[in-house]
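What you see below is based on every heavy atom in this structure, not just the backbone, and it leaves out hydrogens, waters and symmetry mates.
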Amino acid sequence: MKITVIGAGAIGGNLAVKLAAAGHNVQVADARAHKAVRAEVLESGARTADLADAVQGRDVIVLSIPFGVAGKLADLFASVPEETVVIDTSNYYPGMLSEPIEAVDNGQVESVYTAELLGRPVVKAWNAALAETQRSKGVPAGTPGRIAIPVAGDSETAKKVAMPLVDDTGFDPYDAGVLADSWRQQPNSPAYCTELTLDELPTALAAADRVKDVAVRDSLPERFAAVPDNPTVDDVVEMNRAAHR
């Protein structure tokens with residue numbers, strides 16, 4: 001497929017590498033220009049592109065940008081064909097990675113808010129796995145213990161495009177329902193960055209509690225202070241799991 005990843009940070013870079021390695025035609029665009037794209041991303045076969053050119057003639061656009069800034073791309077996306085699938089990977093951490101956003105603090109689902117800013121539907125995927133999990137723990141389909149990633153969206157057609165791409169990056173895709181239900185995979189729900197299998201993930205999604213999960217999310221600085229210095233990905237996953245025991 002022809003795929004553009006907008007955002008060359010940890011998540012965007014990981015996805016560009018994985019999708020290019022799977023044989024897709026991958027472009028990476030970043031507001032910080034071509035120099036923001038890491039060498040390993042280009043070595044995978046992905047190539048850089050200017051934002052204005054990167055959204056034209058593509059099958060899929062992956063948004064791997066800070067939460068709350070999608071509105072800056074609304075004019076750019078106005079010319080993107082309706083059939084192009086847009087996948088949102090962002091997460092809301094008010095006071096840590098984002099300024100507080102009243103609509104989301106009052107209960108609007110993260111990716112519903114992003115879709116409104118962008119002016120078009122989105123699928124939510126890849127948000128519920130740590131960057132290091134995505135980089136180092138993807139394995140071929142059928143491998144025992146393979147980690148699952150929830151995929152939510154209102155278009156069944158769009159999800160049928162997104163889910164095989166999740167599989168291509170080394171994880172089992174799970175249909176998590178409509179976009180309005182994607183709060184169940186937001187920070188810090190039981191399904192968020194806890195490295196669950198396809199058998200375990202549905203139970204975790206069902207156990208999500210909007211009030212509790214927001215409190216767990218907002219306690220992240222205190223919880224991080226209790227883990228070892230320079231925590232491993234396994235330390236962070238265990239911290240996230242422990243918050244829901």
Side-chain angles (χ1 to χ4, degrees), residues 11 63-71 86-131 133-134 147-156 158-159 162-163 166 171-227 236-245:
I11 299 294
L63 286 180
S64 191
I65 58 178
F67 182 77
V69 305
V86 180
I87 304 175
D88 175 36
T89 73
S90 66
N91 290 303
Y92 179 48
Y93 281 95
M96 290 177 271
L97 300 179
S98 170
E99 293 298 318
I101 297 171
E102 184 177 4
V104 182
D105 289 340
N106 288 337
Q108 187 170 27
V109 176
E110 289 176 0
S111 286
V112 173
Y113 178 76
T114 295
E116 288 187 1
L117 290 180
L118 201 61
R120 63 177 298 129
V122 302
V123 174
K124 183 153 194 154
W126 287 302
N127 76 294
L130 296 166
T133 298
Q134 294 185 34
I147 296 167
I149 286 181
V151 179
D154 296 335
S155 166
E156 293 300 319
K159 283 193 287 188
M163 291 176 70
V166 170
F171 302 92
D172 282 333
Y174 177 77
D175 188 337
V178 298
L179 199 64
D181 288 338
S182 65
W183 63 270
R184 295 182 179 276
Q185 66 196 71
Q186 291 177 184
N188 259 90
S189 70
Y192 179 79
C193 297
T194 48
E195 294 190 355
L196 304 177
T197 66
L198 201 56
D199 289 337
E200 297 167 328
L201 185 58
T203 299
L205 290 167
D209 179 309
R210 298 188 83 165
V211 174
K212 176 185 176 182
D213 297 345
V214 167
V216 173
R217 178 200 71 192
D218 292 345
S219 72
L220 183 62
E222 292 82 7
R223 290 187 293 118
F224 253 119
V227 301
V236 177
V237 169
E238 174 56 26
M239 177 189 72
N240 290 335
R241 291 179 176 179
H244 295 282
R245 292 193 181 117

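Residues Val69 and Pro66 approach most closely at CG2-O, 3.1 Å, considering heavy atoms. Among all heavy-atom pairs drawn from Val122 and Ser111, the shortest one is CG2-O, 3.6 Å. In this structure, Ala70 and Thr114 approach most closely via the heavy-atom pair CB-CG2, 3.9 Å. Smallest separation of non-hydrogen atoms from Pro94 and Pro100: CB-CA, 4.1 Å. Across all their heavy atoms, Ala243 and Arg223 have their closest contact at CB-NH1, 4.2 Å. Here the shortest heavy-atom pairing between Ala204 and Leu196 reads CB-CD1, 3.3 Å.
Note on residues 93-120: pairs passing ring pair (Phe, Tyr, Trp, His ring centres under 6.0 Å), not counting sequence neighbours, are Phe67-Tyr113. Pairs of residues two or more places apart, or lying in two chains, never qualify as ring pair (Phe, Tyr, Trp, His ring centres under 6.0 Å) while including a residue from residues 178-217. For residues 189-199, the set of pairs meeting the salt bridge (charged side-chain N to carboxylate O under 4.0 Å, His left out) definition, not counting sequence neighbours, comprises Lys137-Glu195. Each salt bridge (charged side-chain N to carboxylate O under 4.0 Å, His left out) pair with one or both residues in residues 90-114, not counting sequence neighbours, appears once here: Glu110-Lys124.
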Open item on the list: For Val86 and Leu63: C-alpha separation, side-chain torsions, deciding distance, then whether side chain to side chain contact (heavy atoms under 4.5 Å, CB included) applies.
Closed with: CA-CA 7 Å; Val86 180; Leu63 286 180; 4.0 Å; yes
Open item on the list: Determine whether Val214 and Arg210 satisfy the following criterion, side chain to side chain contact (heavy atoms under 4.5 Å, CB included), listing intermediate values before the conclusion.
Closed with: CA-CA 6 Å; Val214 167; Arg210 298 188 83 165; 5.6 Å; no
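Put simply, the side chain of Thr133 does not reach to within 4.5 Å of the side chain of Cys193, judged on heavy atoms. The shortest side-chain heavy-atom distance between Val227 and Val236 does not fall under the 4.5 Å cut-off. Side-chain atoms of Ile149 and Gln185, non-hydrogen and from C-beta on, never get closer than 4.5 Å to each other. Residues Pro190 and Asp213 are in side-chain contact: their nearest non-hydrogen atoms beyond the backbone lie under 4.5 Å apart.
With sequence neighbours left out, Ala162 forms a side-chain contact (heavy atoms from CB on, under 4.5 Å) with Ile87, Val123, Val151. The salt bridge (Lys or Arg N to Asp or Glu O under 4.0 Å) search around Asp209 returns none, not counting sequence neighbours. For Glu238, the salt bridge (Lys or Arg N to Asp or Glu O under 4.0 Å) criterion is met by Arg245, not counting sequence neighbours. Residues passing the side-chain contact (heavy atoms from CB on, under 4.5 Å) test with Ser155 are Thr157, Ala158, sequence neighbours excluded. With sequence neighbours excluded, the residues that form a side chain to side chain donor-acceptor pair (under 3.5 Å) with Ser90 are Asp88. With sequence neighbours excluded, the residues that form a salt bridge (Lys or Arg N to Asp or Glu O under 4.0 Å) with Asp172 are Arg146. By the side-chain contact (heavy atoms from CB on, under 4.5 Å) test, Thr89 is found to be paired with Ile11, Leu15, Val62, Ser64, Trp126, residues two or more places apart in sequence or in another chain being considered. Under the rule for a side-chain contact (heavy atoms from CB on, under 4.5 Å), the partners of Glu156 that lie at least two apart in sequence or sit in another chain are Lys159, Asp175.
Put simply, the side chain of Gln134 gets close to the backbone of Ala129: a donor and an acceptor are under 3.5 Å apart. Looking only at distances, a side-chain donor or acceptor of Arg184 sits under 3.5 Å from a matching main-chain atom of Leu205. Not one N or O on the side chain of His244 forms a donor-acceptor pair closer than 3.5 Å with the backbone of Ala208. With Asp154 contributing its side chain and Leu179 its backbone, the two residues share a donor-acceptor pair below 3.5 Å.
For the atom pair CD1 of Ile147 and OG1 of Thr194, the computed distance is 9.5 Å after rounding to the nearest 0.5 Å.
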